[in-house]
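Working notes, beginning with the structure itself.
Throughout, numbering of the chain's residues begins at 1 and tracks the sequence. First listed ligand is number 1; within each ligand, the first listed atom is number 1.
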Amino acid sequence: MQKETIALHAGYDKKQGFGTMSIPIYQSTAYAFRDAEHAANLFALKELGPIYSRLTNPTNDVLEARFAELEGGVAAIAVSSGAAAIFYAIANVAEAGDNIIISDKLYGGTATLATYTLKRFGIEARVFKSSDASDLEGLIDEKTKAIFFESLSNPQIAITDIDAVVGIAKKHGVLTICDNTVATAILCNPIALGVDVVVHSTSKYTNGQGTALGGIIVEREGLNEFFKDSKRYYHFNTPDVSYHGLVYTDVPLPNFTLRIRLSLLRDIGAAQSAFNGWLFIQGLETLALRIEKHSDNALAVAKFLEAHPKVKAVNYPGLESHSDYKKAQKYFKEGKASGLISFEVGTFEEAKHIIDSVKLFSVVVNIGDSKSLIVHPASTTHSQMSEDELKVAGINPTTIRLSIGLEHTSDLIEDLQRALG
Ligand SMILES: *Cc1c(COP(=O)(O)O)cnc(C)c1O
């Protein structure tokens, strides 16, 4: 099935219940067992079914099945935010004494998680150059548990050399985790490129309207075999004393998401509400239409900016002049490059003036909304930093970032034209 069809139908049997066309919101904390044996079977995984909504929920089940199919994976697990999804994906394989290797171009929250929070738990983060992965192999040792990168990074709008990363990871038997939030499951499928685990912040394009926070983790088929005799991933093939000695690789269910559900979600509990799960299901129905439109609109705006005399540089990989243009053509559907653009103007004052002059763009630190968003990092999110500190953080005082929405491009361009003066 094609993605447009999967996004509308996968994972739901409408003959269930009352035949509701809209997927029911199962707003229930817990689920009644038929009898003692049923309860025992569920806990022993002899029978599958809902126990308690921290672990599973029938509304979220539909989202998970749908998302897994859309990403070309075998199973998924929905959690309460993208940040939680990233933490769980890493904590599922790494513990004190281990290391992970992260891309030099990452979402700010992921970079601080890896650099500061995971460090407090004894997990070291090593940084590799994602543009060509030339330094990646030298960073791997027997304690390396994952390589983490973004297909299309936020906020740098850079594309990882996925083939190079996957080649090195496979050679050394190290798990790859790709954050596919910005490219979306429609434009890019990292699993088809050889990646093991895909994570998303569903708060962004999947939701599409800025109405809920969520995250999801998808695993590829065949990870059970990958973990089976692996010394590196011994947690999966030795007894889990916290789950009465369960050996995950003995269970014929997708092991990566199973272990997150049975241990991390059980113990840490960043569970997604059924209502938010339902909102993401609504979002998925139109994701394919929207992301193509976001991409087409962004390309039109990027071309306008590139031709404007006051604009010094435009960062959008859909532009032929962009250094990642070839990667966009190779990895993304029809070379479409999603909705994020950044551009440089002459001075800090000019940048501030633009932010204060736009009328259609909202000044918001979010992405993926149907409405266009604008942000000037140097005067907002990074305003406490000195010019020198900004340089170290890679924030140029003259950079403006846009998340292009679904408005008509002529209105967006007119708004920017007026603001640029
Ligand atoms: C927003 C974002 C996250 C974090 O997701 P939340 O849902 O806000 O927790 C992670 N990665 C990327 C690329 C993002 O854009």
Purely on distance, is any nitrogen or oxygen of Val182 under 3.5 Å from one on ligand 1? no
Check your understanding: Any nitrogen or oxygen of Asn154, main chain or side chain, under 3.5 Å from a nitrogen or oxygen of ligand 1?
Key -> yes
Item to check | Side-chain donor-acceptor pair present, Arg290, Thr286, cut-off under 3.5 Å | outcome: yes
task = Give a yes/no verdict on whether any heavy atom in Ile86 is under 4.0 Å from an atom of ligand 1.
result = yes
Proximal ligand 1 atoms for [X], defined as those under 4.0 Å from one of its heavy atoms:
X      : answer
Ser203 : 6 (P), 7 (O)
Ile367 : 15 (O)
Gly82  : 5 (O), 6 (P), 7 (O), 9 (O)
Gly214 : 7 (O)

Heavy atom of the protein closest to [atom] (residue, atom name, distance):
atom                    : value
atom 4 (C) of ligand 1  : Tyr107 CE2, 3.5 Å
atom 13 (C) of ligand 1 : Asp179 OD2, 3.4 Å
atom 8 (O) of ligand 1  : Leu213 CD2, 3.8 Å
atom 1 (C) of ligand 1  : Lys204 NZ, 1.4 Å
atom 9 (O) of ligand 1  : Ala83 N, 2.9 Å

TODO: Describe, in one word, how the ring planes of Tyr233 and Phe226 are oriented to each other, choosing from parallel (under 30°), tilted (30 to 60°) and perpendicular (over 60°).
DONE: tilted
Is it true that [X] and [Y] make a salt bridge, defined as a side-chain N closer than 4.0 Å to a carboxylate O?
X      : Y      : answer
Lys327 : Asp161 : no
Glu350 : Lys312 : no
Asp141 : Lys143 : no

* Asked: Ring centres of His308 and Phe343 under 6.0 Å apart?
  -> no
ask   = For the rings on Phe227 and His235, is their centre-to-centre separation under 6.0 Å?
value = no
Item to complete: Would you check if Leu420 and Leu305 make a side-chain contact, meaning some heavy-atom pair closer than 4.5 Å?
Response: yes
